[in-house]
Every structure is written in C-alpha cells, then in structure tokens.
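Only one structure is covered here, and it is reproduced in the block below.
Lettering follows sequence order; numbering is per chain, from 1. Everything quoted here is computed from the prediction, not taken from an experiment.
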Amino acid sequence: MKTSSVGAWVAVCIGVFYLLMPLMGTVEFSLRMLRGTYSFEAYKILGTGEFQQSFLFSMIIALLTIIVSVLIVVPTVYFVQLRLPKLRPIVEFITLLPLVIPAIVLVFGYLRLYNSSSWLPLTGTAEATNVLLLFAYVALALPYMYRAIDSGMRTVDVRTLTEAAESLGAGLGTILFTVILPNVRSAVLSGAFLTFAIVIGEFTIASLLDRPVFGTYLQNVGAGKPYNASALSVVAFAITWASMGLMQVFGRDRRPKVAH
Amino acid sequence: MKTSSVGAWVAVCIGVFYLLMPLMGTVEFSLRMLRGTYSFEAYKILGTGEFQQSFLFSMIIALLTIIVSVLIVVPTVYFVQLRLPKLRPIVEFITLLPLVIPAIVLVFGYLRLYNSSSWLPLTGTAEATNVLLLFAYVALALPYMYRAIDSGMRTVDVRTLTEAAESLGAGLGTILFTVILPNVRSAVLSGAFLTFAIVIGEFTIASLLDRPVFGTYLQNVGAGKPYNASALSVVAFAITWASMGLMQVFGRDRRPKVAH
Amino acid sequence: MAYLELKSIVKSFGSTKVVQQFDLAVDQGEFVSFLGPSGCGKTTVLRMIAGFEQPSAGSITVEGQEISHLPPAKRNIGMVFQAYALFPNLTVGQNVGFGLKLAGVPKAERDARVAEMLEIIKLPQLADRYPYQLSGGQQQRVALARALAVRPKILLLDEPLSALDAKIRVSLREEIRALQRQLGITTIFVTHDQEEALSISDRIVVMHEGKAAQIGAPFEIYNSPKTKFVASFVGTLNILEATVMDWGQMRLSIDGRDVTTSHGFTAKAGEKVSVALRPEAATLGWTNDGRNHMAGTVEEVAFLGSVVRVRVRFEHQTISLDTFNDPANPPPLRGATVAVAFKPEDLIILEGGTTEANHEPGTAVDAPVAVTELA
Amino acid sequence: MAYLELKSIVKSFGSTKVVQQFDLAVDQGEFVSFLGPSGCGKTTVLRMIAGFEQPSAGSITVEGQEISHLPPAKRNIGMVFQAYALFPNLTVGQNVGFGLKLAGVPKAERDARVAEMLEIIKLPQLADRYPYQLSGGQQQRVALARALAVRPKILLLDEPLSALDAKIRVSLREEIRALQRQLGITTIFVTHDQEEALSISDRIVVMHEGKAAQIGAPFEIYNSPKTKFVASFVGTLNILEATVMDWGQMRLSIDGRDVTTSHGFTAKAGEKVSVALRPEAATLGWTNDGRNHMAGTVEEVAFLGSVVRVRVRFEHQTISLDTFNDPANPPPLRGATVAVAFKPEDLIILEGGTTEANHEPGTAVDAPVAVTELA
C-alpha cells in the first residue's frame with residue numbers, strides 16, 4: 001500500500017512539473033525585460049487602451065458563448081439521456097466535430113454561408129460579424145461543454161428524478177430549471193471555465209473575421225515584443241484562473257459525495 | 001411523451017445542421033476549382049510528395065503521442081482513483097492547464113527550457129526537436145486523454161476489481177495490464193481519436209519549432225490556394241474519420257450496458 | 001364499480017409482449033401488491049398506471065374516468081421509487097412541499113401541510129436537512145411524505161424497500177402499512193419479495209410472464225396456490241416423489257416409508273406421483289393423533305431467528321420443516337435420528353405426476369432458480 | 001491453537017477508532033459470521049484479514065504465522081465481494097482460472113480445476129459466457145468459484161448476498177454453507193442481516209461500535225443475548241413495561257393484567273420494570289398448563305409465509321407473537337378479542353428498570369432504528 005501511494009505522489013508531481021514548467025518559464029521570462037534584473041517593466045503594456053479593449057471584448061464574447069452553449073447543451077443532453085439513449089454515441093460524435101474540423105475550415109464554411117450576398121448576411125456589419133464570431137465560438141466550445149454536462153448528468157438519476165417530478169405535477173420547464181439544472185451546476189461551471197479559457201486564447205477564427213479579440217492582440221504583440229507577450233500570457237492565465245476560482249467559490253457543490 | 005421525443009429529435013437535427021453545414025460548405029467549395037463545373041481538380045494536390053510526407057510525418061507523431069499519453073495517463077488516473085481520490089480535482093485542474101495556457105506560451109516555455117545551451121538541449125538536431133514536438137503534443141493531448149480515461153474508469157469499479165485481483169495473487173503490473181486497461185479500452189480509444197484529430201490539425205507549435213507537419217503545410221497552401229486547402233481539409237477530415245471508424249470496429253466494447 | 005380498474009391491458013416493446021391481457025379491479029383504500037420475479041411485467045403495469053408508459057391496448061380508469069391518455073403530471077397519482085429519487089438540491093421540507101408549490105398552494109398552507117407530513121413520517125426535526133444527510137430509510141420516508149403531500153388519488157410503490165437493510169426493510173414496511181391504513185389511500189406495491197407481499201397486502205397479484213397467475217388474499221395465495229409457479233414462488237414447498245401403494249385407502253410410499261393422504265388422486269398402485277408439503281405442516285417427534293410419521297436423519301439445521309428450519313433426509317429425498325425456537329429445547333443436532341410427523345390432509349398431491357424438470361425431487365424448493373435466474 | 005487468530009486488533013482512521021481491542025480465534029473449517037449494523041467495524045476487520053487495511057495495533061496469525069505485514073497478494077486468502085467484482089473482460093472460465101494462471105499452474109491442470117470448480121457451483125455450461133450475460137446469483141457463484149479455485153487458507157465473504165433478490169439470497173446462502181462444509185474451508189462471513197447470520201454460522205460475532213458485543217453459537221446469541229444491543233439487534237423482542245405486584249411471588253401487572261415470571265428480580269412492589277418476551281414464546285388461546293394469559297385485541301396480522309405474526313393490543317401496550325400458518329385455521333381478524341398465553345419462564349426481566357429512551361414501551365422492537373439509522 002505504502003509504495004503504491006508513493007508512486008501515485010511521484011506521478012502527480014511529475015505531471016505538475018511537466019505542465020507547470022512552461023508556465024514558470026514564461027513568468028520568469030516576462031520579468032527579464034530589463035537586462036540583468038527582474039522587473040515588471042513588461043507588464044506596463046497592461047495600461048494600454050488596446051489591451052483593455054481587446055480583453056474586455058473577449059470577456060464579453062466568452063460570457064455570451066457560455067450562456068448560449070449552456071442553453072443549447074443542457075436540454076440536448078437531457079433529452080438524449082432521457083428519451084434517446086441510443087443516439088448518445090451519435091450526438092457525442094457530432095459534438096466532437098469542431099475538434100476534428102480545423103478552425104480554418106469552420107470559418108471558411110461560415111464565411112461561405114453567411115457572406116454579404118447570402119440569404120443571411122452576417123459579415124456586412126461589425127455587429128453581425130460579432131454574431132458570427134459568437135456562433136463559431138459556440139461550436140468551438142461545444143465539445144467541452146457537452147462532455148462536462150454529459151458526465152455531470154450521468155451522475156444524476158435523470159430518469160427517476162424526471163418521473164418523480166412529473167408525478168408531482170411538474171411540466172418540462174419546471175423539471176429542466178428546478179430539478180435538472182441545479183443538480184448539474186458544478187458540471188456546467190466546469191464546462192463554462194473551459195469555454196472561457198478557450199475563447200480568451202482563440203485567435204485563428206477571430207483574425208480571419210477581423211475581430212479585435214485578445215488572442216489576435218497577443219499574437220500581434222508576440223511578433224515583435226516577446227517580453228510583453230509573455231507578460232500578457234501570464235496575465236491572461238491569471239485572470240482565467242481567478243475566474244475559475246470565483247466560480248468554484250460561488251458555485252461549489254456543497255453536497256459531499258456519499259462515502260463508500 | 002410523444003412531444004418530448006419530437007423535441008429531442010428537433011434538437012439533434014439542429015445540432016447536426018449547425019455543425020455539418022460548414023463541412024458541407026467546404027466540400028462544395030473544394031469541388032469548384034474549375035469555374036462553372038464541379039470537379040476533383042483541387043484534389044490533385046494529394047499526389048504531391050510534399051503533402052504525402054507531411055501527412056505521414058503527422059500520422060507518426062500522432063501515433064507516438066497517443067502511445068506516450070496513454071502510458072502516462074492510465075496509471076495516473078488509476079492511482080488517483082484508487083489511492084488519492086481527494087487529489088482528483090487538483091489532478092483534473094492540472095490536466096486542463098494545456099487548454100488554459102495558450103500554445104504559444106507552452107512553446108516559449110519549452111524553448112527556454114530545452115534550448116541548445118540548456119542542460120537538456122532538445123533543439124539542436126531535427127530528431128531532438130521532434131522529441132520536443134512530441135512532448136508538446138502529449139501536453140496538448142492531456143486534457144482530452146485524461147478526461148476520456150477518467151470518465152471511462154469511473155464506470156469500472158476500480159477498487160473492488162483491484163482488490164479481487166490482489167486477493168488472487170496479482171501484482172501491480174498484472175492488475176494494470178490485464179484487469180484495468182482492457183476494461184477502459186473504449187475510453188482509451190475515444191481519447192486516442194481526439195488526440196489524433198488534434199495532432200493532425202495542429203500548426204502553431206509545429207511552425208514555431210519548424211517541423212514539417214500537415215498543419216503547417218495546410219496553412220501554407222491555404223494562404224494562396226483556397227480550393228486546394230479546402231480539398232486538403234476534406235481529406236484530412238475523411239482520414240481522421242476513417243481512423244475513428246476502424247478503431248470503433250476493432251475496439252468496440254462488445255459488452256452491452258446492463259439494462260435498467 | 002372499482003376505484004381503479006385495469007381492463008385487458010397489453011404492453012409490447014417491439015415484438016415482445018411484456019404484459020398480456022392484464023385485468024385488475026382495486027377498491028378504494030385497498031392495498032394490492034404485484035409480486036413476481038424480475039421481468040414478469042409487474043413494474044411495467046405500475047408504470048402504465050403512473051403514466052410513464054402507454055398501454056399498447058386496454059383501458060385504465062380511476063373513479064370511472066379513463067386516464068390512460070393523460071400525461072403523468074395530470075393524473076394526481078403519487079409514486080415512490082426504489083432509488084428514493086429525492087431532489088438532491090432541495091431540503092427535506094422543500095422536497096415534501098414540491099408538489100404543493102406546483103399546485104399553487106399558498107406558502108402558509110404549504111408549510112403547515114409539510115410540517116404535518118413530516119410529523120406523520122416521524123421526522124419533524126429534519127425539515128432543513130438535505131437528502132444526502134439522511135439514511136436510506138429516512139430518505140424513503142421523505143419520498144413517501146412527498147408523494148402523499150399532494151393527496152394523490154392512488155399511491156404507487158415501486159420496490160420501495162429493496163435498497164434498504166434487512167431490519168429497516170421490516171420496520172419501514174410496517175410503517176407504510178400503518179400510514180396507508182391511517183390515510184385510507186388506495187395503494188399498489190410492487191415487489192419480488194414474497195414475505196413483503198404476504199405481510200403487507202390486502203390482496204396479492206402474483207405475476208408470471210406478463211400475466212396475473214393468481215389474484216387473492218395472502219392466506220389464499222399461500223395456502224391455495226392455483227398454479228405450480230405460484231406454489232413454488234410463494235413460500236417454501238417440499239416436493240417429494242411418492243409411489244402409490246393403495247389407491248382406495250390413499251396410501252403412498254415415500255422412500256419406503258408408508259404415509260396416507262386425505263386428498264384423492266387418480267394414479268394407480270405402483271405409479272409415481274409428486275406430493276408437496278409445507279415446512280410448517282411438519283413437526284418433529286412421535287405423536288398419537290393419527291399423523292403420518294417418517295423416520296430420518298437430520299442433515300441441516302438453520303436457525304432463522306424465531307423459526308428453526310430443519311432438513312431431514314430419508315433415503316434419497318429430504319424434507320425441510322419449520323419449528324419455533326425454544327430456549328429450553330435446543331434444535332436437534334446434525335446426524336441425529338428423528339421422526340417427522342404431519343397430518344394426512346397436509347400432504348398435497350400434485351396431479352400430473354412427475355415433478356418439474358428443474359426441481360430435483362426431494363428438495364425443498366426455496367428458490368425456483370430456473371425461473372428467477374433466467375427471467 | 002486456533003487456525004486464524006486476531007489479537008487486540010485496533011484500527012483508527014484519523015482520530016476515530018473504528019475497531020477497538022478486537023479478539024477472535026477461529027478454528028479450522030469453522031464458519032464464523034460478523035453481524036452488526038453498518039459502521040460497526042465488521043467490514044474493516046474483514047479487510048484487515050484480507051490485507052486491504054493495516055491494523056493500527058494488534059496481530060493477525062494464520063496457522064501461527066503472523067500475516068499482518070504481508071500484502072494481500074501473498075496471503076492466500078480468498079475474498080468474495082458484495083459487488084461480485086468479476087473481471088468484465090474475461091469469460092467465466094478465465095475468471096475462475098485467473099488466480100491459477102498467476103500461480104503458474106500449467107494450462108491442462110488449470111482447465112481441469114476450472115471445470116471442477118464450475119461443476120461444484122453447478123454452472124459447468126457457462127464457462128464461455130461473459131459476466132454481463134449472467135444473472136446476479138450466477139455471477140456471485142462464479143465469484144465464489146474464482147476465490148476457491150486457488151485453494152485459499154481462508155475464505156472471506158463481504159455481504160455477498162446483499163445485492164441479490166430475496167429468493168436467490170436464501171438459496172445461495174444454503175449453497176454457500178453446503179460448499180463450505182464440503183470443502184472444509186475456514187470462512188468469515190460479514191452481514192447486517194440477522195437471519196442470514198443465524199442460519200448459516202457455526203458461531204456469530206455480534207459487533208457494535210467497533211467491539212465484539214457477543215461471540216457465540218446462533219442458538220446462544222438468540223436465546224441468551226448478553227447486552228441490550230444484542231437482544232434488540234438479533235431477533236424480534238417485545239419490550240413491555242410492568243408494575244411489580246408481589247416481589248416474593250414474582251407477580252407483575254402489565255396493563256392491568258396479572259402475570260408471573262420464574263425469573264427473580266430486585267425491584268419492590270409498586271415499582272416499574274421492563275420485561276421482554278420473544279414473539280415465538282407466546283401463543284393464542286387459553287391453555288390449562290399454568291401459562292400466563294392476557295386478553296387483548298388483534299391490532300395487526302402480518303402473513304410472513306410459514307409464520308403469521310399477530311400484534312395484540314392490551315391497554316397502552318402491544319405484543320407481537322408468531323404462529324405457524326395453518327390452512328385449516330385462518331389467522332384471527334383485526335379487531336378480534338384473543339388471549340395471549342406464555343410460560344412464566346419466557347417472561348424475561350430486563351434489570352435496570354426503564355426501557356431505553358428510543359424504544360417506545362409496549363412495541364415490538366423490530367428494528368433498533370436509533371442504532372442502525374444513525375450508524
């Protein structure tokens with residue numbers, strides 16, 4: 001028993017090291033803008049309006065993406081688990097498509113569908129293009145959101161809870177919003193966090209659509225100012241992490257798991 | 001009941017449409033290289049040595065990534081579930097880091113750690129850089145592989161199976177390879193498929209490390225030859241899909257789920 | 001007219017008929033159990049009454065009104081599930097008040113009703129707890145209160161005790177029965193446990209392969225089973241092979257020991273017949289009241305608590321018999337020679353001659369393995 | 001010297017002592033059950049014998065050899081789990097042969113042994129099936145064969161029947177007992193079901209809060225419980241409040257009905273004492289053999305199969321009594337007036353006077369709710 005426990009700790013430590021090293025390297029690099037000394041010189045870029053605007057824009061898009069995808073995914077997962085369990089592999093496959101279709105293809109497709117001469121022109125104005133960007137991000141977020149909510153909902157006895165609520169006179173809306181959603185809250189939060197992180201870091205689609213998101217901004221800075229780019233990465237990472245922390249605090253599932 | 005079923009089907013259809021539209025758009029676009037007629041003209045690029053070499057290279061890297069990450073993830077998930085269940089949220093968070101740390105940061109970090117003047121110079125030769133690329137891809141694949149295997153292993157009573165095997169005289173290796181691994185095979189395959197798809201599509205890290213992968217090639221083609229790029233996307237998508245189909249056929253979990 | 005009436009109910013899933021021509025009339029305030037092995041269709045019938053499944057044919061009426069096309073939410077039928085199915089995000093009080101809130105009952109009235117229900121299930125102090133903080137037995141009592149709070153017309157219980165420990169199972173079933181009597185609510189109870197069904201019900205519907213094999217009071221089901229399936233599924237039955245000695249005097253021989261029966265039969269002298277004996281009909285020791293006696297060796301003694309079950313072997317066959325525990329008289333030891341006594345009228349002739357293939361003759365049929373295992 | 005010996009075992013998880021100074025000596029071939037509510041430490045002791053937990057203090061010896069520092073794989077102790085724990089990716093035959101293969105037994109010998117084991121558990125035709133194709137009862141029999149195939153020194157059974165249906169539970173426990181006798185294997189069986197423990201064991205260890213409350217044969221445990229916990233956890237006990245009428249003649253009054261006991265006590269006339277009566281010690285109807293008689297009203301009749309349990313109410317208190325089912329004599333109806341008769345020696349005086357707070361006096365203590373629910 002003892003040796004296995006040690007093994008587990010070693011495995012965990014290696015994992016932490018393997019993944020945290022690049023992060024620490026970035027932090028260290030960002031502090032060395034001034035030759036021969038550590039300083040926060042590179043972080044002065046945070047004061048620029050360009051950074052603030054792009055970051056705010058990305059935050060808003062990220063939140064909208066989260067809301068839209070939760071509204072799409074929760075009912076879908078619920079119905080699939082309840083009524084069409086045989087369809088689950090197919091739905092799962094579909095939700096994985098955005099991972100398999102390169103982002104560039106996705107955008108090409110959207111551009112062809114919604115260009116200014118199509119039946120639904122979404123690239124005509126900045127607002128419409130933002131909507132298109134949101135659509136693309138919802139598609140990008142789908143695999144994460146779907147998997148998180150699907151696995152969360154598997155831990156809940158959806159069928160029996162639904163039947164219990166039905167026999168007490170509940171309609172579909174009541175069941176979804178007062179019975180199902182509250183019980184997959186932590187799964188929704190975990191999906192939301194991933195979505196947030198992805199949207200903040202994304203730049204391929206945004207640059208193709210020419211939207212002023214943080215990812216494009218970071219890319220531009222990175223081309224000429226490596227120290228500033230590192231500083232921005234560190235900040236983006238910290239903010240993402242902080243959002244996640246807040247979500248954990250406010251959304252914590254206070255129910256402990258039933259002990260064995 | 002009836003109405004709910006219809007609702008579920010509608011939801012599924014919208015999902016399919018939403019995600020398949022871009023793909024169909026790409027296919028249609030790739031067939032229109034010759035003005036006014038549909039043809040496979042754009043697909044002639046598949047005959048070039050450049051395409052074949054880059055695609056082969058990506059395939060090999062993808063397979064190696066899968067092997068390495070399975071060997072890292074399966075024992076880690078196993079030990080965490082068995083001995084350190086309290087660490088699970090932490091480990092889960094760590095495995096999500098690659099999603100949260102932009103790829104560009106990851107590469108910066110690796111380059112700083114393993115540059116030619118460091119204690120482990122991995123950027124000196126092409127072979128060593130390939131190893132570095134593999135490391136980076138393993139990190140990229142980690143969130144998917146971890147989540148797939150973790151949720152697969154949750155459906156298996158790891159603790160009891162381990163104890164049953166131990167009481168019959170099995171050591172750690174036997175338990176891992178003859179008891180645990182075969183029972184999470186479908187989860188491993190699902191993680192492997194995602195990994196495959198990601199590695200085939202990745203280009204940021206590869207271009208920073210200057211490795212001749214399919215993603216970089218596609219990006220280069222895309223800049224000047226949109227029809228060919230679409231054709232390549234379609235082919236990459238088809239091959240990935242075909243691999244997944246093969247995996248499903250050979251790796252299918254023949255045990256049906258126990259009926260309610 | 002019956003309060004709840006099921007007429008010619010059929011339910012098919014694809015080509016398999018799970019329920020076949022099922023008829024049942026339940027009176028108001030009656031407690032009816034559906035008893036049978038898994039796969040016999042008992043849960044499907046229950047779910048059709050609740051509205052979670054639609055009958056393929058037939059009608060379900062409550063107070064004369066057809067309900068089979070109403071959605072579950074409109075039927076006003078309470079249901080308790082094996083898995084408790086409490087809403088994990090709501091407190092005990094909120095769970096119990098859930099149906100009332102949906103029905104638009106004002107808060108003050110709702111609170112009073114919730115308090116009353118918690119009083120009835122003897123958990124008034126737990127209103128603010130969450131389900132995960134409760135034991136299984138407590139959760140199931142809360143589920144019962146939740147189902148009853150809206151004053152449903154019918155209460156359905158789907159194996160509500162199966163997930164509980166043995167001791168809690170017994171005490172909760174008594175509580176359920178007392179509560180049902182107190183409220184006078186018409187109740188359907190589904191179980192695979194014969195003791196549960198026998199102890200709690202006004203009437204039992206023994207189900208087998210989608211049909212009602214027998215419907216009757218527990219005493220009737222146990223003592224006068226209509227089919228071999230009912231006989232073997234309900235209670236423990238010794239099935240023995242006997243040779244007819246004298247048809248007129250109804251004399252038989254079991255493993256060379258002469259016995260008589262008071263039941264007539266058609267088999268001729270020298271023929272084999274199957275006979276059955278309930279374990280509680282046999283006693284140990286010699287008596288002088290005209291009983292049959294068979295000498296044998298004690299093969300197994302199982303102490304069940306108030307009852308001690310003794311298995312006695314003759315030549316090739318064995319018999320199980322039940323005696324009450326008596327502190328002054330320890331049960332016989334294994335290997336001891338004893339006499340088994342039973343009245344001629346308790347020796348039942350199973351007409352049709354041979355025993356079923358899957359029952360080794362001369363063994364107590366405690367579990368109809370072939371039936372329940374393959375079901 | 002005993003075959004398996006546990007000496008002064010202590011197990012703490014953090015600051016909670018789950019097992020406290022546990023001692024037990026098991027003879028070779030003996031069948032010992034650990035009986036107790038959940039949380040009493042019975043499974044923890046079993047897991048320490050298997051090697052899945054390390055005792056915080058104390059020693060475990062098998063045939064005189066200390067084993068508590070060996071890993072589970074080196075102990076040669078077979079284990080059967082509640083959840084079956086068959087390897088889902090292996091066939092029944094491969095499951096049974098798993099331990100033999102690890103032990104390096106050659107294929108021919110292994111195949112023979114597997115066939116032999118499948119023969120013993122009566123499933124020879126299922127060698128090529130996968131676990132998911134088997135019923136629960138079959139899976140558990142395969143798990144038993146798998147554990148026994150390697151000829152372990154000791155067999156540990158961790159609530160192996162809890163996940164099964166009532167009928168299968170009874171038949172499988174008889175099979176387990178017969179198999180254990182046939183192979184002569186030393187066996188420890190953990191359960192929370194008193195009937196299971198009573199029926200199957202040579203000896204029972206009743207556990208309570210990490211300690212052995214009593215160790216003894218089923219007959220002894222049931223008829224001479226040493227503590228109130230054992231008395232209430234094992235079997236059903238009527239606890240009544242009585243007023244002492246005449247100390248010298250050992251006369252008492254229960255709800256105004258005079259009774260006598262043959263057990264001495266110290267309470268004086270006019271004082272209250274608690275008395276206990278097993279349900280099988282009481283009968284219905286008047287007798288002429290010096291028994292106590294108490295007239296009352298039938299409040300509840302529960303048909304349990306071979307036994308009918310009748311609850312009779314006097315003034316404030318009730319008594320449960322067991323009678324055998326008799327097809328010729330249906331049980332009394334609710335509301336009927338009956339006489340309850342019992343011998344003076346069956347009326348046990350619970351010294352210490354008052355009943356426990358959580359037992360309403362005058363009720364049959366079927367489930368010590370306070371104990372099991374909160375455990």
Side-chain angles (χ1 to χ4, degrees), chain B residues 70 74-75 77-79 81-87 148-149 151-190 192 247-260, chain D residues 43 46-47 49-53 70-91 94-105 129-136 139 142-159 163:
Chain B
V70 167
V74 170
V77 172
Y78 172 73
F79 279 120
Q81 284 205 10
L82 194 65
R83 309 276 179 220
L84 306 166
K86 282 178 195 162
L87 275 191
I149 291 176
S151 73
M153 226 178 264
R154 280 189 209 208
T155 65
V156 177
D157 188 348
V158 168
R159 173 178 291 276
T160 314
L161 288 184
T162 300
E163 290 180 353
E166 279 182 326
S167 77
L168 292 167
L172 184 58
T174 312
I175 294 173
L176 264 179
F177 288 98
T178 70
V179 176
I180 301 301
L181 201 55
N183 289 309
V184 294
R185 191 173 47 177
S186 62
V188 168
L189 286 175
S190 129
M247 282 181 190
Q248 287 286 330
V249 170
F250 288 111
R252 187 194 298 276
D253 196 348
R254 283 174 194 84
R255 287 166 290 132
K257 294 290 164 204
V258 176
H260 175 70
Chain D
T43 299
L46 195 82
R47 291 173 60 79
I49 301 173
F52 302 135
E53 308 280 356
L70 290 177
K74 303 265 186 221
R75 295 194 181 194
N76 196 16
I77 290 179
M79 178 115 176
V80 174
F81 301 83
Q82 181 178 342
Y84 322 141
L86 295 180
F87 305 126
N89 56 314
L90 301 181
T91 62
Q94 288 167 337
N95 263 287
V96 175
F98 189 85
L100 299 167
K101 196 169 174 186
L102 288 179
V105 175
R129 299 274 188 91
Y130 282 89
Y132 76 88
Q133 296 171 307
L134 271 53
S135 72
Q139 286 192 52
V142 173
L144 194 63
R146 183 180 65 176
L148 291 171
V150 292
R151 301 184 209 272
K153 289 181 181 164
I154 296 171
L155 177 64
L156 305 178
L157 306 165
D158 187 8
E159 308 223 8

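With sequence neighbours left out, the ring pair (Phe, Tyr, Trp, His ring centres under 6.0 Å) criterion links D:Phe98 to D:Phe87. By the salt bridge (Lys or Arg N to Asp or Glu O under 4.0 Å) test, D:Lys153 pairs with D:Glu63, sequence neighbours left out.
D:Lys101 NZ to B:Leu168 CG: the interatomic distance, rounded to the nearest 0.5 Å, is 13.0 Å. To the nearest 0.5 Å, the span separating CG on D:Leu155 from OG on B:Ser167 amounts to 10.0 Å.
Within the 4.5 Å cutoff, the side chain of D:Pro88 has heavy atoms near those of the B:Leu161 side chain.
Heavy atoms of D:Ala50 lying under 4.5 Å from chain B are absent altogether. Heavy atoms closer than 4.5 Å to chain D are found in both the backbone and the side chain of B:Thr178.
Nearest heavy atoms, D:Ala73 versus B:Ala170: CB-O, 3.7 Å.
The closest donor-acceptor contact from the side chain of D:Asn89 to the backbone of B:Val184 lies at 3.5 Å or more, if one exists at all.
Per-residue counts of heavy-atom pairs under 4.5 Å with chain B were compared for D:Leu100, D:Val150, D:Ile77; the largest is that of D:Ile77. Comparing D:Leu86, D:Leu156, D:Leu102 by how many heavy-atom pairs each has under 4.5 Å with chain B, the most go to D:Leu102.
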